[in-house]
K.L.:
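Handing you a structure now.
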Amino acid sequence: MKILDFEAIRDAATNMNPATWYDWVDDALRHKDEFLMPPKSRMSQSDGDYYNVMPAMYEKDNLAMLKMIGRHSIKRGEHRSTMMGDILLYEADTGILKALMDAEYITTLRTGVVAAHSAMLFVHGGGQSALLV
């Protein structure tokens, strides 16, 4: 099993062509009907804190994934983001855990790329496209 922390994800992303991220988002949106994505679950806590749990499976690549994000107030003396998350990546047919990844950087990049993708569709007259999520 691989463990990819925030720095490893950031370093990998920094060394990639940003167009690769765009292509991944475009491909996922074009094939979104091939993903099994049950509704996310939310566990609320006091003071507006929460966990969101998001499972997904892509049988074509034999992958199952669980992303868990949370918002938690910063306690006195802590130096961290209020939003944090993790991704567990499994081999779908065996249930073997293949990777544990920090989701903060991935989620930030994905959010930005989806926004850029939507803007490009809008600018090029595809604003009504089925690709918009």
Side-chain angles (χ1 to χ4, degrees):
M1 174 187 61
K2 292 183 180 183
I3 298 175
L4 302 168
D5 63 10
F6 180 92
E7 289 78 19
I9 300 292
R10 184 192 58 214
D11 291 347
T14 301
N15 291 314
M16 294 175 71
N17 181 339
T20 301
W21 287 90
Y22 185 91
D23 291 342
W24 286 347
V25 164
D26 185 67
D27 187 62
L29 290 172
R30 289 181 190 280
H31 296 99
K32 67 183 177 182
D33 60 329
E34 298 173 23
F35 291 83
L36 175 61
M37 294 184 353
K40 68 181 171 185
S41 297
R42 182 182 180 98
M43 297 181 290
S44 297
Q45 297 175 288
S46 61
D47 299 323
D49 292 347
Y50 63 86
Y51 285 102
N52 281 344
V53 182
M54 297 163 273
M57 186 162 45
Y58 188 52
E59 291 187 60
K60 183 177 176 182
D61 284 343
N62 194 31
L63 296 173
M65 180 204 81
L66 178 72
K67 178 179 170 185
M68 186 158 159
I69 63 165
R71 184 225 173 266
H72 293 88
S73 303
I74 296 176
K75 297 176 184 174
R76 180 169 290 157
E78 283 185 319
H79 300 284
R80 62 170 176 83
S81 173
T82 58
M83 294 293 297
M84 295 188 302
D86 304 294
I87 296 172
L88 299 171
L89 188 63
Y90 297 89
E91 188 175 72
D93 64 348
T94 65
I96 295 172
L97 180 61
K98 303 304 274 184
L100 165 61
M101 300 181 284
D102 180 271
E104 185 178 353
Y105 203 85
I106 293 169
T107 300
T108 300
L109 284 174
R110 190 270 343 256
T111 300
V113 173
V114 168
H117 188 274
S118 295
M120 295 294 288
L121 286 174
F122 182 76
V123 166
H124 294 294
Q128 299 301 316
S129 172
L131 294 178
L132 294 176
V133 187

K.L.:
Once rounded to the nearest 0.5 Å, what's the spacing between atom OG1 of Thr82 and atom CD1 of Ile74?
P.N.:
5.5 Å
K.L.:
Rounded to the nearest 0.5 Å, how far apart are CG of Asp11 and CE of Met16?
P.N.:
13.0 Å
K.L.:
Tell me whether Tyr105 shares a hydrophobic cluster with Trp24, the cluster being built from Ile, Leu, Val, Met, Phe, Trp, Tyr side chains joined at under 4.5 Å.
P.N.:
yes
K.L.:
Rounded to the nearest 0.5 Å, how far does CG of Leu88 lie from NZ of Lys67?
P.N.:
12.5 Å
K.L.:
Are Leu29 and Trp21 co-members of a hydrophobic cluster defined by side-chain heavy atoms under 4.5 Å apart?
P.N.:
yes
K.L.:
Tell me the closest heavy-atom pair linking Met57 and Ala92, and the distance in Å.
P.N.:
SD-CB, 3.8 Å
K.L.:
Considering non-hydrogen atoms only, spot the tightest contact between Pro55 and Pro39 and give its length.
P.N.:
CD-O, 4.5 Å
K.L.:
Looking at Thr20 and Asn17, would you say the former's side chain and the latter's main chain have a donor-acceptor pair under 3.5 Å?
P.N.:
yes
K.L.:
So, His117 side chain and Val113 main chain: donor-acceptor pair closer than 3.5 Å or not?
P.N.:
no
K.L.:
Do any N or O atoms from the side chain of Glu34 and from the backbone of His31 form a donor-acceptor pair under 3.5 angstrom?
P.N.:
no
K.L.:
Which pair of heavy atoms, one from Ser44 and one from Arg42, lies closest together, and at what distance?
P.N.:
OG-NE, 3.7 Å
K.L.:
Mind checking whether Tyr50 and His72 have ring centres under 6.0 Å apart?
P.N.:
no
K.L.:
Atom CE of Met1 and atom CG of Leu89: how far apart are they, to the nearest 0.5 Å?
P.N.:
11.5 Å
K.L.:
Do Leu109 and Val114 belong to the same hydrophobic cluster, where Ile, Leu, Val, Met, Phe, Trp and Tyr are linked whenever their side-chain heavy atoms lie under 4.5 Å apart, directly or via other members?
P.N.:
yes
K.L.:
Do the non-hydrogen side-chain atoms of Thr107 and Thr111 ever get within less than 4.5 Å of each other?
P.N.:
yes
K.L.:
Please identify which of these residues, Asp33, Asp26, Asp27, meets the side chain to side chain donor-acceptor pair (under 3.5 Å) condition with Arg30.
P.N.:
Asp26
K.L.:
Take atom CE of Met37 as the centre, draw a 6.0 Å sphere, and report whether it contains more than 12 heavy atoms from other residues, nucleotides or ligands.
P.N.:
no
K.L.:
Let's go through Met68 and Tyr51 carefully: what are the C-alpha distance in whole Å and the side-chain angles of both, what is the deciding distance for side-chain contact (heavy atoms from CB on, under 4.5 Å) to 0.1 Å, and is it a yes or a no?
P.N.:
CA-CA 7 Å; Met68 186 158 159; Tyr51 285 102; 3.1 Å; yes
K.L.:
Please walk me through it: do Val53 and Leu66 pass side-chain contact (heavy atoms from CB on, under 4.5 Å)?
P.N.:
CA-CA 7 Å; Val53 182; Leu66 178 72; 3.4 Å; yes
K.L.:
How many angstroms lie between CE in Met101 and CG in Asp86, if you round to the nearest 0.5 Å?
P.N.:
10.0 Å
K.L.:
How long is the straight-line distance from OG1 of Thr108 back to CZ of Arg10, given to the nearest 0.5 Å?
P.N.:
12.0 Å
K.L.:
If hydrophobic clusters are built by linking Ile, Leu, Val, Met, Phe, Trp and Tyr wherever their side-chain heavy atoms come under 4.5 Å apart, do Leu36 and Leu63 end up in the same one?
P.N.:
no
K.L.:
Keeping to residues at least two apart or across chains, list the salt bridge (charged side-chain N to carboxylate O under 4.0 Å, His left out) pairs with something in residues 94-113.
P.N.:
none
K.L.:
Honestly curious: do Tyr58 and Ile106 fall in one hydrophobic cluster under the side-chain, below-4.5 Å linking rule?
P.N.:
no
K.L.:
Counting C-beta onward and ignoring hydrogens, is there a side-chain heavy-atom pair between Ile69 and Met54 closer than 4.5 Å?
P.N.:
yes
K.L.:
Examine the side chains of Ser73 and Asp49 and answer whether a donor and an acceptor come within less than 3.5 Å of each other.
P.N.:
yes
